[in-house]
Enquirer: 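Structure below; questions to follow.
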Amino acid sequence: MTMLNIAIAGSSGRMGRALLEAVTQTPDMRVHAALERAGSPYLGKDAGEMIGAPNGVVIRDDVAGALQGCDVLIDFTRPDATLQHMELCRTRGVKMVIGTTGFTPEEKEKILAASHDCGIVFAPNMSVGVNLLFKLLDTAARVLNEGYDIEVMEAHHRHKVDAPSGTALRLGEVVAHALGRDLADCAVYGREGVTGERSPSTIGFATVRGGDIVGDHTVLFAGIGERVEITHKASSRATFALGALRAARFLAGRGAGLYDMQDVLGLR
């Protein structure tokens, strides 16, 4: 069995711990390195201790050193940190799974440029179920293309820093593309005051932040006399971690290029 050496960025965070646990339980993968930001109180600790399974991998902030001998870096951190990690992966030929959200269009262009030198899976959501949702929505939008108002609703935990979520934006992009629209021209992000009647060409977004909600997403098609709602609810970050590991395994057999979870799952 070929063993994949996995490095995990942001290893002490909520997603980092879920990834540590998932890799530990996967027979063809091992935790090669666990990374944290400089100054983190977790530096120098055994990464496995955070999930009750010491593994001898010391949490470090030396990204360049950690990438030596690494096959894939999985990163669910912040855009600025992810882009720094990406440049190191790019120069060292290390593949990368990016689950970070909140990138600007210019930053996404940097990811595309880096993919010419190393394999990257970049997706706003690594969940298998959510990526099936993208596929279902494309069909739904093409069928419900007249007479239906479209709203995207999402809810996440209180610590999430970007809104709408990357997944919600991708849901909007999928629907807009199916309808021949540009999301930048038809998106409405929140409403307040006397807004006037709803324009039928818009795609609305509503955001909820609170508690420990892992991630809920619903796309509503509201017509006359009926509503169609397509919903995904995540109850554990394990779903994102397991999807990320599928992405890492997918990259193992491929060269440079930019891929997403639709590629990983064969949904193209």
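For the single chain, residues carry numbers from 1 onward in sequence order. Quantities reported herein were computed from a predicted structural model and do not represent experimental measurements.
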Enquirer: Using side chain to side chain donor-acceptor pair (under 3.5 Å) as the criterion, list what pairs up with R142, not counting sequence neighbours.
Expert: D138
Enquirer: A side-chain contact here means heavy atoms from C-beta on lying under 4.5 Å apart; do Y42 and M50 qualify?
Expert: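 Heavy-atom side-chain distance check passes, below 4.5 Å.
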Enquirer: Between the main-chain N or O of L35 and the side-chain N or O of S11, is there a donor-acceptor pair closer than 3.5 Å?
Expert: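 Yes, S11 side chain to L35 backbone: donor-acceptor pair under 3.5 Å.
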Enquirer: What's the shortest heavy-atom distance between M126 and A244, and which atoms?
Expert: CB-N, 3.9 Å
Enquirer: List in chain and number order the residues that pass side chain to side chain donor-acceptor pair (under 3.5 Å) with R14, two or more places apart in sequence or in another chain; answer none if no residue qualifies.
Expert: none
Enquirer: So does R37 pair up with D61, basic N to acidic O under 4.0 Å?
Expert: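 So R37 does not pair with D61 through a salt bridge.
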Enquirer: Same cluster or not: are V264 and L19 linked, directly or through other Ile, Leu, Val, Met, Phe, Trp or Tyr residues, by side-chain heavy atoms under 4.5 angstrom apart?
Expert: yes
Enquirer: Locate the shortest heavy-atom distance separating K95 from A252; write the atom from each residue and the value.
Expert: NZ-O, 3.4 Å
Enquirer: Would you compute the distance between atom CG of L133 and atom CZ of R170 and round it to the nearest 0.5 angstrom?
Expert: 11.5 Å
Enquirer: May I ask you to decide whether E106 forms a salt bridge with K108, counting only side-chain N to carboxylate O separations under 4.0 Å?
Expert: no
Enquirer: With a 4.5 Å limit on heavy-atom distance, are the side chains of M29 and L245 in contact?
Expert: yes
Enquirer: Which residues satisfy the side chain to side chain contact (heavy atoms under 4.5 Å, CB included) test with L88, sequence neighbours excluded?
Expert: V63, A64, L67, R92
Enquirer: Could you list all the ring-ring contact (aromatic ring centres under 6.0 Å, His included) pairs where at least one residue sits in residues 164-192, not counting sequence neighbours?
Expert: Y189-F205
Enquirer: Between T239 and V214, does a side-chain contact (heavy atoms from CB on, under 4.5 Å) hold up when you go through it step by step?
Expert: CA-CA 10 Å; T239 186; V214 174; 5.8 Å; no
Enquirer: Identify, with sequence neighbours excluded, every residue that meets side chain to side chain contact (heavy atoms under 4.5 Å, CB included) alongside Q262.
Expert: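 Side chain to side chain contact (heavy atoms under 4.5 Å, CB included) check on Q262 returns N131, F134, K135, D260, L267, R268.
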Enquirer: For a side-chain contact (heavy atoms from CB on, under 4.5 Å) check, start with the C-alpha distance between V121 and I98, then their side-chain angles and the critical distance, and finish with the verdict.
Expert: CA-CA 6 Å; V121 171; I98 299 176; over 6 Å; no
Enquirer: With a 3.5 Å distance limit and no angle check, can you tell me whether T104 reaches the backbone of E107 through a side-chain donor-acceptor pair?
Expert: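 Such a contact is found between T104 side chain and E107 backbone.
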Enquirer: Can you tell if the side chain of Y148 reaches within under 4.5 Å of the side chain of E226, non-hydrogen atoms only?
Expert: yes
Enquirer: Taking only residues two or more places apart in sequence, or in another chain, which ones meet T100 in a side chain to side chain donor-acceptor pair (under 3.5 Å)?
Expert: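 Side chain to side chain donor-acceptor pair (under 3.5 Å) check on T100 returns D75, T82.
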Enquirer: Check this for me: R209, atom CZ, are more than 12 non-hydrogen atoms of other residues, nucleotides or ligands nearer than 6.0 Å?
Expert: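 For R209, atom CZ is crowded (more than 12 foreign heavy atoms under 6.0 Å).
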Enquirer: Taking M153 as the starting point, is it possible to reach L137 by hopping between hydrophobic residues whose side chains are less than 4.5 Å apart?
Expert: no
Enquirer: Identify whether L136 and V143 are in the same connected component of the hydrophobic contact network (ILVMFWY, side-chain heavy atoms under 4.5 Å).
Expert: no
Enquirer: How close do A47 and N55 get, counting heavy atoms only, and between which atoms?
Expert: N-OD1, 4.1 Å
Enquirer: Would F76 and F240 count as a close aromatic pair, with their ring centres under 6.0 Å?
Expert: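 Aromatic pair excluded; centres sit 6.0 Å or further apart.
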Enquirer: Among H159, R158, E154, find the one that has a side-chain hydrogen bond (donor to acceptor under 3.5 Å, both in side chains) with H156.
Expert: E154
Enquirer: What do the steps show when you test F122 against F103 for ring-ring contact (aromatic ring centres under 6.0 Å, His included), and what is the final call?
Expert: CA-CA 11 Å; F122 173 41; F103 291 103; 5.5 Å; yes
Enquirer: Less than 4.5 Å apart, side chain to side chain, heavy atoms only: is that true for R90 and I120?
Expert: no
Enquirer: State which residues pass salt bridge (Lys or Arg N to Asp or Glu O under 4.0 Å) with E21; sequence neighbours excluded, sorted by chain then number.
Expert: none
Enquirer: Are side-chain heavy atoms of R198 and D149 found at a separation under 4.5 Å?
Expert: yes
Enquirer: Who passes side chain to side chain donor-acceptor pair (under 3.5 Å) against T91, sequence neighbours left out?
Expert: none
Enquirer: Regarding D62 and R60, does a basic nitrogen lie under 4.0 Å from an acidic carboxylate oxygen?
Expert: yes
Enquirer: Which residues pass the side chain to side chain contact (heavy atoms under 4.5 Å, CB included) test with A81, sequence neighbours left out?
Expert: T77, H85
Enquirer: Begin from the C-alpha positions of N5 and R30 and carry the test side chain to side chain donor-acceptor pair (under 3.5 Å) through to its verdict.
Expert: CA-CA 5 Å; N5 291 318; R30 68 163 63 96; 2.8 Å; yes
Enquirer: For A18 versus A241, what's the shortest heavy-atom pair and its separation?
Expert: O-CB, 3.7 Å
Enquirer: Report yes if some heavy atom in the side chain of V31 is under 4.5 Å from a heavy atom in the side chain of I6; otherwise report no.
Expert: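 No; the side chains remain at least 4.5 Å from each other.
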Enquirer: Listed by chain and number, what are the salt bridge (Lys or Arg N to Asp or Glu O under 4.0 Å) partners of K45, not counting sequence neighbours?
Expert: none
Enquirer: Can you check whether V94 reaches D71 side chain to side chain, under 4.5 Å on heavy atoms?
Expert: no
Enquirer: State plainly whether one hydrophobic cluster holds both V23 and M15, where clusters connect Ile, Leu, Val, Met, Phe, Trp and Tyr through side-chain heavy atoms under 4.5 angstrom apart.
Expert: yes
Enquirer: For the CG atom of L132 and the NE2 atom of H232, what is their distance to the nearest 0.5 Å?
Expert: 9.0 Å
Enquirer: Can you tell me which residue pairs pass the side chain to side chain donor-acceptor pair (under 3.5 Å) test with a partner in residues 212-223, sequence neighbours excluded?
Expert: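 Qualifying pairs: S165-H217, T218-T231.
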Enquirer: Could you check whether any side-chain N or O of T195 sits under 3.5 Å from a backbone N or O of R191, counting only pairs where one atom can act as donor and the other as acceptor?
Expert: no
Enquirer: Which residues satisfy the side chain to side chain contact (heavy atoms under 4.5 Å, CB included) test with V128, sequence neighbours excluded?
Expert: R246, L265
Enquirer: Within the distance-only criterion (no hydrogens, no angle test), does the side chain of D46 pair as donor or acceptor with the backbone N or O of G56 below 3.5 angstrom?
Expert: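 Side chain of D46 to backbone of G56: a pair is present.
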Enquirer: Could you go through V175 and L179, starting from their C-alpha distance and side-chain angles, then the distance that decides it, and tell me whether this counts as side-chain contact (heavy atoms from CB on, under 4.5 Å)?
Expert: CA-CA 6 Å; V175 172; L179 296 174; 3.9 Å; yes
Enquirer: Does any N or O in the side chain of R17 come within less than 3.5 Å of the main-chain N or O of S12, such that one atom is a donor and the other an acceptor?
Expert: yes
Enquirer: How long is the gap from CD on Q84 to SG on C89, to the nearest 0.5 Å?
Expert: 12.0 Å
Enquirer: Going through the distances and angles, do T101 and K160 end up as a side-chain contact (heavy atoms from CB on, under 4.5 Å)?
Expert: CA-CA 10 Å; T101 60; K160 188 166 178 60; 3.5 Å; yes
Enquirer: To check you understand the geometry: which heavy-atom pair defines the closest contact between A7 and C70, and what is its length?
Expert: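 Nearest pair, atom of A7 first, then C70: CB-SG, 3.6 Å.
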Enquirer: Please report the shortest heavy-atom distance between C186 and S201, naming the atom on each side.
Expert: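 So the two residues come closest at CB-O, 3.3 Å.
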Enquirer: Other residues, nucleotides and ligands only: do more than 12 of their heavy atoms fall within 6.0 Å of NZ on K110?
Expert: no
Enquirer: I'd like to know if the side chain of S127 and the backbone of G129 have a donor-acceptor N/O pair within less than 3.5 Å.
Expert: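 Between the backbone of G129 and the side chain of S127 there is a qualifying donor-acceptor contact (under 3.5 Å).
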Enquirer: Quick check: do V97 and L73 have side-chain heavy atoms less than 4.5 Å from each other?
Expert: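 Answer no - side chains too far apart.
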Enquirer: Give the cluster check for I111 versus L251: same hydrophobic cluster or not, with ILVMFWY residues linked at side-chain heavy-atom distances below 4.5 Å.
Expert: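 As far as the 4.5 Å side-chain criterion goes, L251 and I111 are not connected within one cluster.
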Enquirer: Identify whether the distance between the nearest side-chain nitrogen and carboxylate oxygen of D28 and R249 falls below 4.0 Å.
Expert: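 Result for this pair is yes, salt bridge flagged.
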